[in-house]
Amino acid sequence: MRYSATTFSLAFFLLCISVLASAAGEDPNAPIDPKHDPRNPLRYIPSVGLAATTIPFYLLVFVGQIWCYTKWGARFMLIMTAGIFTFAIGISLRYVLAGNPYAITVYIFHNLLVLLSPCAFIAANYMILGRLAHSINAEQLLLIPRQRITFVFVTSDVITFVIQAAGGSLPAADRSLMDTGHSIFMVGLIMQFISFVLYTFVFAAFMYKVYRHEPGVWAKGRTRKWYNRWQAMPLASIFRVVEGSQGFEGALRTSEPHFYALDVLPLFFAIAIYVPFWPGRLLGANDGLQDIPYGSNRADEGERFEMLGGA
């Protein structure tokens, strides 16, 4: 059943692209220099080669995460898997924009999918810490109670998602509202970045406390720096904040190499790491919220911690 869902998703992906490409068509009046063309929102012609190289890698991670879920569970990670799929659809719309850079509706959908899909990546990350602390019997080391940590940060992610979606969709209703929509979107993006920084701080504080107070657990994972996965996501977030602050015609927004090097590539590393190091391997099929008997063996918890060292 799950493999059928994967096949259906890929078929739906190809159908969406073919329909949009047919609807957009090509514009024979495209100017020679798109950088100075006010009708071209990207200010460049997207590279079909870069998109064709990127999409298979993202779809490979998508299929890999589906496989991991079928093998080890951890259904809370499926929100990330869904986000990978929608992000790949967003990148694929660059095929359409390469043929017709004036397809504003396609550009808006491309923008929404590329900019909002990482909210799903972040939401999945927000759901890991509480489960990890419970799994290694270290909830007392969290700065925020486990029962609240996921709720607080996922709620923050939902709110910032709604703000960004509202700002990003305004130009679809009225192009004269593009600047207003951009300002609203930036508010949501900055709020999201602040929330992620706070979560990273809470996560780092938890790691430090495990190091100080649970040396047996920490020793099992000291050779594997499992927390390095967090480094890629903030890089992409910083790029998006700086890019957005420059406006629609800023150097970063109108540079395709910057888009791929500082946004697409870091996000890929941030999601691909979960394929070989799937949280379900540590947390179990019931998402790591199973009861841990009082007085459980700390060496066994260290083994779980080490597995997340692979996580």
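Quick caveat: nothing in here was measured; it's all calculated off a predicted structure.
Using a 30° and 60° split on the angle between ring planes, F85 and F62 fall in the tilted class, from 30° to 60°. F87 and F121 have tilted rings, their planes meeting at an angle from 30° to 60° on a 0 to 90° scale. Aromatic ring orientation, F153 versus Y199: perpendicular (interplanar angle above 60°, classes split at 30° and 60°).
When side chains are defined from C-beta on, P279 counts as touching M77, because their heavy atoms get closer than 4.5 Å. Using a 4.5 Å cut-off on side-chain heavy atoms (C-beta onward), Y260 and L265 make no contact. For the pair I84/S117, no side-chain contact is recorded, criterion being any heavy-atom separation below 4.5 Å from C-beta on. L267 is listed as a side-chain neighbour of Y58, based on a closest heavy-atom distance under 4.5 Å.
If you take OG1 on T150 and CD1 on I144, they are separated by 10.0 Å, rounding to the nearest 0.5 Å. For the atom pair CG (L115) and CG (L189), the distance works out to 8.0 Å, reported to the nearest 0.5 Å. Annotation: the span from E139 atom CD to R146 atom CZ amounts to 4.5 Å, rounded to 0.5 Å. Atom CD1 of I79 is separated from atom SG of C119 by 9.5 Å, given to the nearest 0.5 angstrom. Taken from OG1 in T86 to CD1 in I91, the straight-line distance is 10.5 Å, to the nearest 0.5 Å. Taken to the nearest 0.5 Å, the CG atom of L132 stands 6.5 Å off from the CG atom of L129.
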**Report entry** Candidate pair R94 and F259, rule side chain to side chain contact (heavy atoms under 4.5 Å, CB included), full reasoning
**Finding:** CA-CA 12 Å; R94 298 174 80 84; F259 168 69; 3.6 Å; yes
Report task. Could you check Y69 against T81 for side chain to side chain contact (heavy atoms under 4.5 Å, CB included), going step by step and ending with a plain yes or no? Result -> CA-CA 10 Å; Y69 171 66; T81 307; over 6 Å; no
Requested in this report: Decide yes or no on side chain to side chain contact (heavy atoms under 4.5 Å, CB included) for H110 and V96, but give the supporting numbers first.
Outcome: CA-CA 10 Å; H110 159 270; V96 184; over 6 Å; no
Report task. Please report the C-alpha distance between W67 and W278 in whole Å, then the side-chain angles of each, then the deciding distance to 0.1 Å, and finally whether the ring pair (Phe, Tyr, Trp, His ring centres under 6.0 Å) criterion is met. Result -> CA-CA 10 Å; W67 179 82; W278 187 250; 9.6 Å; no
Requested in this report: Show the numbers, then the answer: is there a side chain to side chain contact (heavy atoms under 4.5 Å, CB included) between I128 and N125?
Outcome: CA-CA 5 Å; I128 288 178; N125 279 294; 4.3 Å; yes
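Within the 3.5 Å criterion, the main-chain N or O of V61 finds no donor-acceptor partner in the side chain of Y274. With Q65 contributing its side chain and I271 its backbone, the two residues share a donor-acceptor pair below 3.5 Å.
When all heavy atoms of E256 and S47 are compared, the closest pair comes out as OE2-N, 2.9 Å. The nearest pair of heavy atoms linking I108 to G168 is CG2-O, 4.0 Å. Pairing each heavy atom of I163 with each of I184, the nearest pair is CG2-O, 3.4 Å. Counting all heavy atoms, side chain and backbone alike, I45 lies closest to P101 at CD1-CG, 3.7 Å. Here the closest heavy-atom approach between residue L142 and residue A133 is recorded as CD1-CB, 3.6 Å. Of all non-hydrogen atoms in Q192 and T160, the two that sit nearest each other are N-CG2, 3.6 Å.
Side-chain atoms of Y107 and N40 form no donor-acceptor pair, as typed in the model, at a separation below 3.5 Å. Of the N and O atoms on the side chains of Y126 and S195, at least one donor lies less than 3.5 Å from an acceptor on the other residue.
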Pairs of donor and acceptor atoms involving the side chains of residues 201-212, under 3.5 Å and at least two apart or interchain, shall be tabulated with distances.
{"from": "Y208", "atom 1": "OH", "to": "R212", "atom 2": "NH1", "distance (Å)": "2.8"}

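In the hydrophobic clustering of ILVMFWY residues, with side-chain heavy atoms under 4.5 Å counting as a link, M80 and L60 come out apart.
Cation-pi geometry between R131 and F76 is satisfied (NZ or CZ under 6.0 Å from the ring centre, within 45° of the ring normal).
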